[in-house]
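Have a look at the structure below, then the notes.
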2 protein chains.
Amino acid sequence: MLSKKTQYGLKALGYLAEKYGSGPVLIADIAEQKCIPIKFLESILLQLKQHDILESKKGKGGGYYLMQPPKKTSIAQVIRIIGGPIALLPCVSLNFYEKCGDCNEENCGLRKTMAVVRDATLKVLEKKTLCDLVDLSLA
Amino acid sequence: MLSKKTQYGLKALGYLAEKYGSGPVLIADIAEQKCIPIKFLESILLQLKQHDILESKKGKGGGYYLMQPPKKTSIAQVIRIIGGPIALLPCVSLNFYEKCGDCNEENCGLRKTMAVVRDATLKVLEKKTLCDLVDLSLA
DNA sequence: TAATTACTCCATCAATTAAATAGACTATAT
DNA sequence: ATATAGTCTATTTAATTGATGGAGTAATTA
């Protein structure tokens with residue numbers, strides 16, 4: 001399951017994708033439209049900025065906006081930044097790999113199975129982008 | 001990520017799959033072979049029994065054993081019993097559905113995307129069985 | 001340059017879930 | 001009877017998640 005934090009992040013990015021090209025959007029605006037606790041949202045957006053998904057502008061007329069066109073950011077990227085590993089086991093994670101203590105990885109049937117799941121999941125998540133998050137009633 | 005509990009459960013079932021047909025296996029035996037805290041394992045096996053994956057026998061010569069041939073139990077079944085939903089969002093879960101509060105489900109791009117992920121994941125997890133968990137150095 | 005706006009950063013806190021442990025109880029086999 | 005081995009309930013600890021408060025910094029505008 002995606003954490004609430006990750007869900008909030010994705011929803012916020014979907015909203016920013018809708019607004020792409022029309023300048024900075026206030027945190028408060030995003031929070032209200034997407035029903036996200038504002039202080040919580042703040043930290044999420046900051047995190048996304050630190051990973052070069054978002055850019056921000058301070059002062060009057062400021063706010064957050066996408067650094068690149070929505071199509072350029074995959075859902076997989078976002079989930080990894082906010083929520084961490086996509087794989088179901090640390091020992092098959094591509095970006096957050098951790099050695100499996102108790103089993104010989106080469107012979108582990110569970111590991112092999114979960115690697116197949118990972119590939120199937122990534123095939124989708126790396127192709128889908130922020131464009132796919134835009135409210136469909138607007139498209 | 002699968003919880004430790006789910007991982008333990010799958011590893012235990014893999015071991016019982018190896019031993020299928022040769023009578024009951026002691027909890028203590030499974031725990032030792034698979035490096036699982038014994039009391040924790042107890043509760044996991046009990047849960048699997050209550051969901052008709054395992055059968056048990058008390059007293060001397062007792063232990064746990066698979067109720068059906070390993071091929072008959074899918075990994076998806078096991079994950080759902082021990083770990084809950086497989087989908088990444090409650091509102092796209094087939095077995096643990098929960099309504100999404102803040103969005104119109106019909107028009108939600110995030111939901112649509114996660115439904116695709118779910119289908120891709122299930123396609124693998126429903127086909128894989130306990131047979132696929134057996135230590136490959138034995139097969 | 002003063003005032004306002006809006007993001008940034010740090011610290012904390014409550015609630016929930018995950019992981020592990022303890023001990024009493026029940027059923028079975030010999 | 002007795003030893004064996006699963007069953008059940010309760011508790012405890014640690015980690016994570018979700019949320020909040022407030023001081024600080026940067027940029028704009030008048």
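Chain naming here is simple, since letters A, B, ... match the order of the sequence lines and numbering starts at 1 in each. All heavy atoms count here, side chains included; hydrogens, waters and symmetry mates do not.
Near-neighbour residues of DNA chain D inside residues 16-26 of chain B, defined by a heavy atom below 4.0 Å, number-ordered: B:Val25, B:Leu26. A heavy-atom distance below 4.0 Å to DNA chain D is reached by none of the residues of residues 73-96 of chain B.
Residues A:Leu10 and B:Thr113 form no side-chain contact, since every pair of their non-hydrogen atoms from C-beta on lies 4.5 Å or further apart. For the pair B:Leu66/B:Leu54, a side-chain contact is recorded, criterion being any heavy-atom separation below 4.5 Å from C-beta on. Contact of the A:Ile86 side chain with the A:Leu94 side chain is not registered, since no non-hydrogen atoms from C-beta on lie closer than 4.5 Å.
Using a 4.0 Å heavy-atom distance criterion, B:Leu45 is classed as making no nucleic acid contact. Among the atoms of the strands shown, none is found under 4.0 Å from any heavy atom of A:Ile38.
Contact annotation: A:Ser3 side-chain N/O to D:dG18 OP1/OP2 distance is under 4.0 Å. Considering only side-chain N and O atoms, A:Tyr8 lies under 4.0 angstrom from the phosphate OP1 or OP2 of D:dA19. Applying the 4.0 Å criterion to OP1 and OP2 of C:dC9, one finds that A:Gln50 has a side-chain N or O inside that range.
When all heavy atoms are compared, the tightest approach of A:Met1 to B:Pro85 is CE-CG, 3.3 Å. The nearest pair of heavy atoms linking B:Phe96 to B:Gly84 is CE1-C, 3.6 Å. Across B:Ile79 and B:Leu125, no two heavy atoms sit closer than the pair CD1-CD1, 4.0 Å. Annotation for A:Glu42 and A:Ile27: closest pair CG-CD1, 3.6 Å, computed over non-hydrogen atoms. Scanning both residues, B:Tyr8 and B:Cys35, for their nearest heavy atoms gives CE2-O, 4.3 Å.
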- Once base and sugar-phosphate atoms are separated, protein heavy atoms under 4.0 Å mark nucleotides 22-30 of chain C, 5' to 3', with B, S and - as BB--BSBS-
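Side chain of B:Arg80 to main chain of B:Asn95: no donor-acceptor pair is present (N/O by atom type, distance under 3.5 Å, no hydrogens or angles). No donor-acceptor pair under 3.5 Å is formed between the side chain of B:Gln68 and the backbone N or O of B:Thr73. Remark: the backbone N or O of A:Leu2 is paired with a side-chain donor or acceptor of A:Gln7 at under 3.5 angstrom.
For B:Ser56, the side chain to side chain contact (heavy atoms under 4.5 Å, CB included) partners at least two apart in sequence or on another chain are B:Lys49, B:Tyr64. In this structure B:Asp119 satisfies the side chain to side chain contact (heavy atoms under 4.5 Å, CB included) test with no other residue, sequence neighbours excluded.
Here the P atom of nucleotide C:dC7 and the CE atom of A:Met67 are 17 Å apart, to the nearest Å. Spacing between atom CD1 of B:Ile36 and atom P of C:dA18 amounts to 17 Å, rounded to whole angstrom units. Rounded to an integer number of Å, the gap from CG of B:Leu48 to C1' of D:dG6 is 14 Å. Separating the CD1 atom of A:Ile44 from the P atom of D:dT17 is a distance of 12 Å, rounded to the nearest angstrom. A:Met1 has its CE atom 11 Å from the P atom of D:dG18, to the nearest Å. Atom C1' of nucleotide D:dA5 and atom CG of B:Leu41 are separated by 13 Å, given to the nearest angstrom. Nucleotide D:dT20 holds its P atom 15 Å from the NZ atom of A:Lys5, rounded to whole Å.
Along DNA chain D, the nucleotide closest to A:Pro37 and the one closest to B:Ser56 are compared, and the more 5′ of them pairs with B:Ser56. Across the interface with DNA chain D, nearest-nucleotide mapping of B:Gly62 and A:Ser43 shows B:Gly62 to be the residue nearer the 5′ end.
The A:Ile27 side chain lies nearest to C:dC7 when the options are D:dA19, C:dC7, C:dC9.
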Protein-nucleotides 13-17 of chain C N/O pairs closer than 3.5 Å?
none

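Partner of A:Ile30 under the side chain to side chain contact (heavy atoms under 4.5 Å, CB included) criterion, chosen from A:Ile38, A:Ile44, A:Leu13, A:Leu45: A:Leu45.
Residues B:Lys5 and B:Gln47 bring a donor and an acceptor atom of their side chains to less than 3.5 Å of each other.
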